[in-house]
J.: 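Here it is, the structure in full.
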Amino acid sequence: MAAVTQCVRAALRPRYPLLSFSLRTSPRLLCVATQQKNTGQNLEEDQSQSQNEQKVEPSSAEKILTEEKAKLEEQLKEVTDKYKRALADAENVRQRSQKLVEEAKLYGIQSFCKDLLEVADVLEKATESVPKEEIKDENPHLKSLYEGLVMTEVQIQKVFKKHGLLRLNPIGAKFDPYEHEALFHAPMEGKEPGTIALVSKIGYKLHGRTLRPALVGVVKDA
């Protein structure tokens with residue numbers, strides 16, 4: 001111990017004469033200083049170890065938080081996709097319902113129209129059956145009856161047109177299976193094959209949809 005004290009005194013004497021003096025007068029100060037230095041080093045080591053532990057712990061917590069974030073983002077994505085699909089399905093249902101309502105408004109009267117078509121057919125046949133040469137002033141009753149039938153037929157056609165019901169009289173037109181029903185096929189001179197040469201019964205369309213096809217005779221190749 002004496003040798004250590006002498007070495008310290010020799011090292012500190014040129015720079016710190018007071019400290020050398022105090023070490024000479026109180027040799028126990030060296031032990032205290034050494035203990036304090038060791039204690040400081042131990043404190044620094046403990047603080048360093050504590051900081052390292054704190055650094056390790058947040059990294060583990062960050063990993064857990066990152067995993068939770070990824071799970072939440074995946075759940076959010078799934079919920080968003082389901083929400084978008086639900087919106088699309090709801091929009092499709094709304095459009096289909098709207099289309100059904102519109103069609104019901106347009107075509108809800110088609111059964112009633114079909115019944116009225118029979119009345120129109122009777123009126124047409126009645127006017128066609130009257131001999132034109134008999135319609136004269138000498139037969140006022142027949143003339144008045146004929147004119148009344150014609151006026152009724154014109155009026156009913158106006159009502160049909162108002163509600164979207166139109167006549168199909170396709171004489172000379174190309175045969176269309178969606179609008180016409182062929183009663184027979186026969187060759188005819190001067191007629192193009194595939195055209196309609198005879199209309200046996202007038203057809204009708206309701207808002208562009210064939211309500212009753214026209215009954216026709218179609219020209220075929222000779």
Side-chain angles (χ1 to χ4, degrees), residues 1 3-23 26-115 160-166 168 173-181 203-213:
M1 183 67 182
V4 172
T5 304
Q6 291 177 0
C7 291
V8 172
R9 287 175 181 174
L12 296 178
R13 187 178 296 116
R15 297 183 180 179
Y16 308 101
L18 294 177
L19 182 59
S20 176
F21 174 77
S22 54
L23 287 174
S26 181
R28 299 181 60 183
L29 289 176
L30 178 61
C31 295
V32 174
T34 304
Q35 291 178 357
Q36 289 179 351
K37 181 178 180 182
N38 293 333
T39 303
Q41 290 178 352
N42 292 334
L43 288 175
E44 289 179 356
E45 291 178 356
D46 292 341
Q47 290 177 356
S48 177
Q49 183 177 1
S50 176
Q51 289 177 356
N52 291 332
E53 290 178 355
Q54 290 177 358
K55 288 181 181 180
V56 172
E57 290 179 358
S59 63
S60 177
E62 287 177 359
K63 182 178 180 182
I64 295 173
L65 290 176
T66 302
E67 293 176 354
E68 291 294 329
K69 179 183 177 183
K71 291 180 181 179
L72 292 175
E73 288 178 348
E74 185 66 24
Q75 292 177 359
L76 177 62
K77 184 179 179 181
E78 292 179 0
V79 171
T80 304
D81 292 340
K82 290 180 180 179
Y83 175 69
K84 290 180 178 180
R85 286 196 296 269
L87 285 181
D89 292 340
E91 180 63 19
N92 291 334
V93 170
R94 187 191 67 80
Q95 291 180 357
R96 286 196 297 267
S97 300
Q98 184 178 358
K99 184 178 180 180
L100 290 174
V101 170
E102 292 175 354
E103 288 183 352
K105 290 179 180 179
L106 291 176
Y107 305 110
I109 60 172
Q110 66 180 9
S111 59
F112 178 67
C113 290
K114 284 183 178 180
D115 294 336
F160 285 170
K161 187 175 181 180
K162 178 181 178 181
H163 293 280
L165 188 63
L166 302 177
L168 288 177
K174 283 284 188 181
F175 177 76
D176 185 352
Y178 295 102
E179 297 182 356
H180 314 134
E181 182 178 344
Y204 284 89
K205 295 179 74 173
L206 179 62
H207 295 292
R209 179 187 294 180
T210 301
L211 183 63
R212 187 182 75 183

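We're numbering straight along the sequence, starting at 1. Atoms considered below: every heavy atom in the structure, side chains included; atoms not considered: hydrogens, waters and symmetry mates.
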J.: How close do P213 and E181 get, heavy atom to heavy atom, and via which atoms?
T.: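 Result for this residue pair: CG-OE1, 3.9 Å.
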
J.: To the nearest 0.5 Å, tell me how far D176 CG sits from T210 OG1.
T.: 7.5 Å

J.: Roughly how far, to the nearest 0.5 Å, is the CG atom of L166 from the NE2 atom of H207?
T.: 9.0 Å

J.: When rounded to the nearest 0.5 angstrom, what is the spacing between CD in E73 and CD in E78?
T.: 12.5 Å

J.: Show your reasoning for whether side chain to side chain contact (heavy atoms under 4.5 Å, CB included) applies to Y107 and L206.
T.: CA-CA 7 Å; Y107 305 110; L206 179 62; 4.0 Å; yes

J.: Starting at OH of Y178, measure out to CZ of R209 and round the result to the nearest 0.5 Å.
T.: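 That separation rounds to 14.5 Å.
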
J.: Output all residues satisfying side-chain hydrogen bond (donor to acceptor under 3.5 Å, both in side chains) with E179, sequence neighbours left out; order by chain, then residue number.
T.: K205

J.: Name each donor-acceptor pair under 3.5 Å that joins a side chain in residues 83-90 to protein atoms two or more places apart or in another chain, with its distance.
T.:
none

J.: Would you compute the distance between atom OH of Y204 and atom SG of C113 and round it to the nearest 0.5 angstrom?
T.: 10.5 Å

J.: Please list, chain by chain and in numerical order, all residues satisfying salt bridge (charged side-chain N to carboxylate O under 4.0 Å, His left out) with K161, sequence neighbours excluded.
T.: none

J.: Can you tell me if H163 uses its side chain to pair, donor with acceptor, with the backbone of I109 under 3.5 Å?
T.: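 Not at all, since once roles are kept as given, no pair shorter than 3.5 Å links the two residues.
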
J.: Can you tell me how far the CD atom of Q75 sits from the CD atom of E68, to the nearest 0.5 Å?
T.: 9.0 Å

J.: Run K99 and Q95 through side chain to side chain contact (heavy atoms under 4.5 Å, CB included) and show every step you take.
T.: CA-CA 6 Å; K99 184 178 180 180; Q95 291 180 357; over 6 Å; no

J.: After noting the C-alpha distance and the side-chain angles of Q110 and K114, does the key distance pass the side chain to side chain contact (heavy atoms under 4.5 Å, CB included) rule?
T.: CA-CA 6 Å; Q110 66 180 9; K114 284 183 178 180; 5.5 Å; no

